[in-house]
Asks: 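Mind having a look at this structure? Questions to follow.
Since this is a predicted model, take the numbers as computed values, not measurements. Count residues from 1 along the sequence.
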Amino acid sequence: MSLATERRAARERVLGLLYEAEAKSLSGADVLDALPVPADDFAVSLVRAVDEHRTRIDGLLEQFAQGWSLRRMPAL
């Protein structure tokens, strides 16, 4: 498997993990800690980065979303 393919798979896994965290009102770190099989390092770093920068990410979404508040946006 190529690095690009592995990275894409990791990003898809991250999306699923972050969706799970949002649906369960948990942090990404809590979801990672509960995994029966650890995620790969790249996925872990992305999940932790979202946790660390969530306030800034949410602020950017609020700033640039036209006609949508953050509360109205689906978790995905």
Side-chain angles (χ1 to χ4, degrees):
M1 191 181 309
S2 73
L3 179 61
T5 303
E6 289 177 18
R7 290 275 173 117
R8 178 186 171 124
R11 288 191 300 270
E12 288 177 2
R13 178 97 192 267
V14 168
L15 183 61
L17 293 170
L18 292 172
Y19 178 79
E20 179 180 349
E22 183 75 18
K24 293 180 177 179
S25 297
L26 298 172
S27 70
D30 290 337
V31 172
L32 288 172
D33 291 341
L35 292 175
V37 176
D40 65 74
D41 291 341
F42 182 64
V44 169
S45 69
L46 291 178
V47 169
R48 293 191 188 283
V50 169
D51 275 353
E52 183 178 338
H53 300 284
R54 181 171 306 277
T55 302
R56 182 167 185 261
I57 293 167
D58 288 350
L60 289 169
L61 287 170
E62 285 279 357
Q63 181 181 349
F64 292 105
Q66 296 180 3
W68 286 83
S69 68
L70 193 58
R71 288 186 175 162
R72 284 189 58 215
M73 291 181 196
L76 281 179

Asks: Are Leu35 and Leu26 linked, directly or through intermediate hydrophobic residues, by side-chain heavy-atom contacts shorter than 4.5 Å (ILVMFWY only)?
Replies: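 Leu26 clusters together with Leu35.
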Asks: Quick check: are there more than 12 heavy atoms from other residues, nucleotides or ligands sitting under 6.0 Å from CG of Asp33?
Replies: yes
Asks: With a 4.5 Å cut-off on side-chain heavy atoms, are Val14 and Val50 touching?
Replies: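 No, side chains not in contact.
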Asks: Can you see which heavy atom on Ala10 is nearest to which on Ala43, and at what distance?
Replies: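 Between these two residues, the closest heavy atoms are O-CB, 4.1 Å.
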Asks: Take Arg7 and Leu3, measure what side-chain contact (heavy atoms from CB on, under 4.5 Å) needs, and give me the verdict at the end.
Replies: CA-CA 6 Å; Arg7 290 275 173 117; Leu3 179 61; 4.1 Å; yes
Asks: Is it true that Leu15 and Tyr19 fall in one hydrophobic cluster, defined by side-chain heavy atoms closer than 4.5 Å?
Replies: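 Yes; Tyr19 is reachable from Leu15 via cluster members.
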Asks: Would one find more than 12 heavy atoms of other residues, nucleotides or ligands at under 6.0 Å from atom CZ of Arg72?
Replies: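 Yes, enclosed.
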Asks: Run the salt-bridge test on Glu20 and Lys24 with the 4.0 Å N-O cut-off and return the result as yes or no.
Replies: yes
Asks: Kindly compute the distance separating CD (Glu52) from OG (Ser27), expressed to the nearest 0.5 Å.
Replies: 13.0 Å
Asks: Heavy atoms only: give me the nearest Met73-Ala65 pair and the separation to one decimal.
Replies: CE-CB, 3.2 Å
Asks: Quick check: does any side chain N or O of Asp51 sit under 3.5 Å from a backbone N or O of Ala29, one acting as donor and the other as acceptor?
Replies: yes
Asks: Looking at every heavy atom in both Val37 and Arg13, which two are closest together, and how far apart are they?
Replies: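 So the two residues come closest at O-NH2, 3.9 Å.
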Asks: Closest approach of Arg11 and Leu46, non-hydrogen atoms and distance?
Replies: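 Nearest heavy atoms, Arg11 then Leu46: CG-CD1, 4.0 Å.
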Asks: Could you see if Ile57 belongs to whatever hydrophobic cluster contains Leu17? Use Ile, Leu, Val, Met, Phe, Trp, Tyr and a side-chain cutoff under 4.5 Å.
Replies: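 As far as the 4.5 Å side-chain criterion goes, Leu17 and Ile57 are connected within one cluster.
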Asks: I'd like to know whether CZ of Arg8 has more than 12 heavy-atom contacts from other residues, nucleotides or ligands below 6.0 angstrom.
Replies: no
